[in-house]
Engineer: 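Once you've had a glance at the structure underneath, I'll fire off some questions.
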Amino acid sequence: MSVLVEAAVESLDDARAAVEGGAGRLELCARLDLGGTTPDLALLQSVVATASVPVLAMIRPRGGDFVYSAAEIEGMHAGVGAALRAGASGVVLGALDATSGIDVAATRSLVRAARGAPVTFHRAIDETPDPLAALDLLIDLGVARVLTSGGATSAERGIDGLAALVRRAAGRIAIVAGGGVRGGNARRIAERTGVGEVHARCAGDASRIRAIRDAVG
């Protein structure tokens, strides 16, 4: 088993701890208590300059739901460009429409704004009524990976949903298991779903990431 561990971080200390613990990629956010919002550009530049692994930037204007106004989508466009200019290897985002389906127009335009840099669609997919259909749309839209708990409150509870997404993806898009991933359950989640990547918050604790890395390495 060889599974990449992605660590969600919100400070330079978090980033250093995550890399020390063996994270293969970082997701930099602000306000992880709200599920993550767009980080400060100066912090992003510092993390990129310090980290020895790729750094993705969250692009999310606020906490709460994922149905955004035209002005918020415009701000996300600007955020994508700014994050990539600051050195981010890719961006993490998600937008839904009023029916909780994928906001196709917004997602298409944001993928285009990334200009070929990989786009991760985050756990907004877990709020869609049909995650498998949503995955098909995201593949068509050129999204590189999806961060998901399989439609459940945690990756462990969503094992069956995650496995179904991996089968549906069939190698066309990466499925990243996130939500309550820990050293004690990471191997079981990876083995039972077939995901090649897992996602966990670092919170400045290298041992937390190391335990997951050891479990799936």
Side-chain angles (χ1 to χ4, degrees), residues 1-60 63 79 83-84 86-94 117-126 143-150 153-156 158 162 173-191 193 195-217:
M1 178 181 293
S2 180
V3 176
L4 182 141
V5 179
E6 176 182 273
V9 300
E10 58 181 347
S11 70
L12 189 56
D13 285 345
D14 282 357
R16 287 172 172 153
V19 173
E20 179 187 342
R25 186 170 63 231
L26 305 180
E27 178 194 87
L28 180 64
C29 309
R31 297 303 305 271
L32 278 169
D33 60 315
L34 298 178
T37 59
T38 304
D40 177 77
L41 285 176
L43 174 60
L44 174 59
Q45 290 172 329
S46 295
V47 171
V48 168
T50 301
S52 57
V53 299
V55 180
L56 308 182
M58 174 68 76
I59 305 296
R60 187 181 176 204
L84 295 175
S89 299
V91 293
V92 183
L93 52 85
V119 172
T120 301
F121 196 93
H122 57 49
R123 289 184 60 190
I125 192 173
D126 293 323
V143 170
R145 64 179 70 90
V146 172
L147 172 62
T148 173
S149 59
T153 56
S154 70
E156 191 163 20
L162 282 163
I173 189 171
I175 306 298
V176 187
V181 176
R182 305 179 302 277
N185 63 15
R187 187 174 186 86
R188 179 167 64 257
I189 291 167
E191 287 181 338
T193 64
V195 296
E197 306 181 14
V198 296
H199 171 101
R201 184 172 177 177
C202 175
D205 185 356
S207 65
R208 176 184 299 195
I209 302 302
R210 186 176 297 112
I212 298 171
R213 175 68 270 160
D214 290 347
V216 298

Engineer: When rounded to the nearest 0.5 angstrom, what is the spacing between CD1 in Ile189 and CD in Glu156?
Structural biologist: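 Interatomic distance, Ile189 CD1 to Glu156 CD, rounded to 0.5 Å: 5.5 Å.
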
Engineer: Can Leu26 and Val47 be said to form a side-chain contact (heavy atoms from CB on, under 4.5 Å), step by step?
Structural biologist: CA-CA 9 Å; Leu26 305 180; Val47 171; 4.0 Å; yes

Engineer: Hey, what do you get for CZ (Arg16) to OG (Ser52), rounding to the nearest 0.5 Å?
Structural biologist: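 Going from the CZ atom of Arg16 to the OG atom of Ser52 covers 12.0 Å.
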
Engineer: Once rounded to the nearest 0.5 Å, what's the spacing between atom CG of Leu28 and atom CG of Leu56?
Structural biologist: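 The CG atom of Leu28 sits 9.5 Å away from the CG atom of Leu56.
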
Engineer: Sub-3.5 Å donor-acceptor pair from the side chain of His122 to the main-chain atoms of Gly94, do we have one?
Structural biologist: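 Present.
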
Engineer: Tell me, with the steps shown, if Val216 and Val5 meet side-chain contact (heavy atoms from CB on, under 4.5 Å).
Structural biologist: CA-CA 8 Å; Val216 298; Val5 179; 4.0 Å; yes

Engineer: Check whether Arg187 reaches the backbone of Ala215 with its side chain - one donor and one acceptor, N or O, closer than 3.5 Å.
Structural biologist: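 Indeed, once roles are kept as given, a pair shorter than 3.5 Å links the two residues.
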
Engineer: Between Arg182 (side chain only) and Gly180 (backbone N and O only), is there a donor and an acceptor less than 3.5 Å apart?
Structural biologist: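 Judged by distance alone, yes, a pair lies under 3.5 Å.
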
Engineer: One thing to verify: whether Glu10 and Arg31 come together as a salt bridge, which I'm taking to mean a side-chain N less than 4.0 angstrom from a carboxylate O.
Structural biologist: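 No, no charged N to carboxylate O under 4.0 Å.
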
Engineer: Just how far is it from atom CD1 of Ile212 to atom NE2 of His199, taken to the nearest 0.5 Å?
Structural biologist: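 Spacing of CD1 (Ile212) from NE2 (His199) equals 9.5 Å.
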
Engineer: Rounded at 0.5 Å granularity, tell me how far CG in Leu147 sits from CD in Glu197.
Structural biologist: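 Spacing of CG (Leu147) from CD (Glu197) equals 10.0 Å.
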
Engineer: When rounded to the nearest 0.5 angstrom, what is the spacing between CD in Glu6 and CD1 in Ile209?
Structural biologist: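 The distance works out to 10.0 Å.
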
Engineer: Looking at Gly36, is its backbone amide N or carbonyl O close enough to the side chain of Arg60 to form a donor-acceptor pair, meaning the two atoms are under 3.5 Å apart?
Structural biologist: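 Indeed, once roles are kept as given, a pair shorter than 3.5 Å links the two residues.
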
Engineer: Could you tell me whether the side chain of Asp13 and the main chain of Gly204 form a donor-acceptor pair under 3.5 Å?
Structural biologist: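 Answer holds: no.
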
Engineer: Tell me the side-chain hydrogen bond (donor to acceptor under 3.5 Å, both in side chains) pairs involving residues 36-48, sequence neighbours left out?
Structural biologist: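 Of all non-adjacent pairs touching residues 36-48, none passes side-chain hydrogen bond (donor to acceptor under 3.5 Å, both in side chains).
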
Engineer: Test Thr120 against Val143 for side-chain contact (heavy atoms from CB on, under 4.5 Å), laying out the working first.
Structural biologist: CA-CA 6 Å; Thr120 301; Val143 170; 6.0 Å; no

Engineer: Is a side-chain donor or acceptor of Asp126 paired with a backbone partner of Ser149 at a separation under 3.5 angstrom?
Structural biologist: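 Answer holds: yes.
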
